Amino acid sequence: MRALGPGSVSSFLKVILDVVRWVLFVSAGAGGLGILAVLLLSFNPDLLGGAVDIGGVHLEGAWLGPLLAGTLLVWVLYMAGAIVIVGRLRRIFQTLIAGDPFHPDNVRRLRVIGAALAVLELGRYLTAATLHLVSRALHLERLHVGGEINLTTWFAVLVIVVLAEVFREGARLRGEAELTI
Amino acid sequence: MPIRVRLDRLLVQRRMSLTELADRVGVTIANLSILKTGKARAIRFSTLASLCRELECQPGDLVVWEPGPPGEPEDDGLEG
C-alpha cells in the first residue's frame with residue numbers, strides 16, 4: 001500500500017485522526033459543560049450529593065465543588081492540547097495525501113506538535129504538584145498524585161524536534177528544486 | 001544573488017516572444033518568467049543548452065555575474 005497520495009495509508013490515518021479530533025472536541029465540550037454545572041451546583045453542595053468518591057478517595061464539604069471543577073479544568077486543558085496536536089497532524093497528513101510531504105508549513109506544524117507535547121508533559125507535573133499540595137492540605141492520603149517523569153514523552157519531543165529540522169531541510173531543497181529551471 | 005539573467009535583452013534582440021521561446025525550448029512560460037525576472041535559483045545544463053540553441057548565443061550572453069552591493073550574500077538561501 002502506498003504511503004503518499006489519495007487512497008494511501010496517509011488518507012486512512014487521516015480519517016482516523018478526523019474521528020479522534022471530533023471525539024476530543026466532544027470530550028472538551030463535555031468537560032466545559034461539566035465545569036459550568038459543578039460551579040453552579042457548588043453554590044448548593046447538597047445538590048452534588050454532599051460527597052463524591054473518586055478513585056477510592058472520599059470528597060465532601062465546601063471544597064467538593066472547586067475540586068471537581070479543577071479536575072475538569074485540567075481535563076479540558078489536556079483535551080485542548082490533544083486537539084492542537086491532532087489538528088496539526090491532520091494538516092500534515094493532508095500534505096502527505098497531496099503527495100507533498102515537504103511543504104514548508106509542515107516544519108512549523110511539527111514544531112507546534114513538539115511544543116504542545118512538552119507543555120502537556122510539564123502541565124502533568126504541575127497538576128501532580130498541585131494535587132500533592134491539595135491532598136496534603138485536605139488530608140487525602142489515598143489520593144494518587146502520579147507525577148513521575150515519563151522519558152518516553154521527552155524522547156518523543158526530541159524526535160519531533162529532529163524531525164522538524166529534517167523537514168526544514170527537505171522544504172529548503174523543495175524550494176530549490178521548484179526554482180530550478 | 002549577483003548572477004543576472006539577460007533573457008529579456010536577448011528576446012528583444014532576436015524579436016522573439018517568451019511564449020515562442022517556451023514552445024521551442026519545451027519549458028513552461030511560468031518557468032521562463034521565473035528565469036527572466038531573476039527569481040530562479042538554478043538552471044539545468046540541458047535548459048541552458050536549449051536556450052542557447054534557440055537564441056543562438058553563448059551561455060555567457062545569457063547569464064552574467066555582476067557584483068552586488070557590499071554585504072549582499074552570494075547565495076540568498078531558502079528558508080523553509
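This is a predicted model, so every value here is computed, not measured. Lettering follows sequence order; numbering is per chain, from 1.
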Which region of Ile43(B), side chain (C-beta onward) or backbone (N, CA, C, O), has a non-hydrogen atom less than 4.5 Å from a non-hydrogen atom of chain A, or is it both or neither?
both
Is the number of heavy atoms from other residues, nucleotides or ligands within 6.0 Å of CG (Leu122(A)) greater than 12?
yes
Counting only heavy atoms not in Lys36(B), do more than 12 sit closer than 6.0 Å to its NZ atom?
no
Assess whether atom CH2 of Trp22(A) is packed by more than 12 heavy atoms of other residues, nucleotides or ligands within 6.0 Å.
no
Mind checking whether Met79(A) and Ile16(A) sit in one hydrophobic cluster, side chains of I, L, V, M, F, W, Y counted as touching below 4.5 Å?
yes
With rounding to the nearest 0.5 Å, note down the distance linking OG1 in Thr180(A) to CZ in Arg44(B).
6.0 Å
Report the distance from atom CD1 of Ile181(A) to atom OG1 of Thr28(B), rounding to the nearest 0.5 Å.
7.0 Å
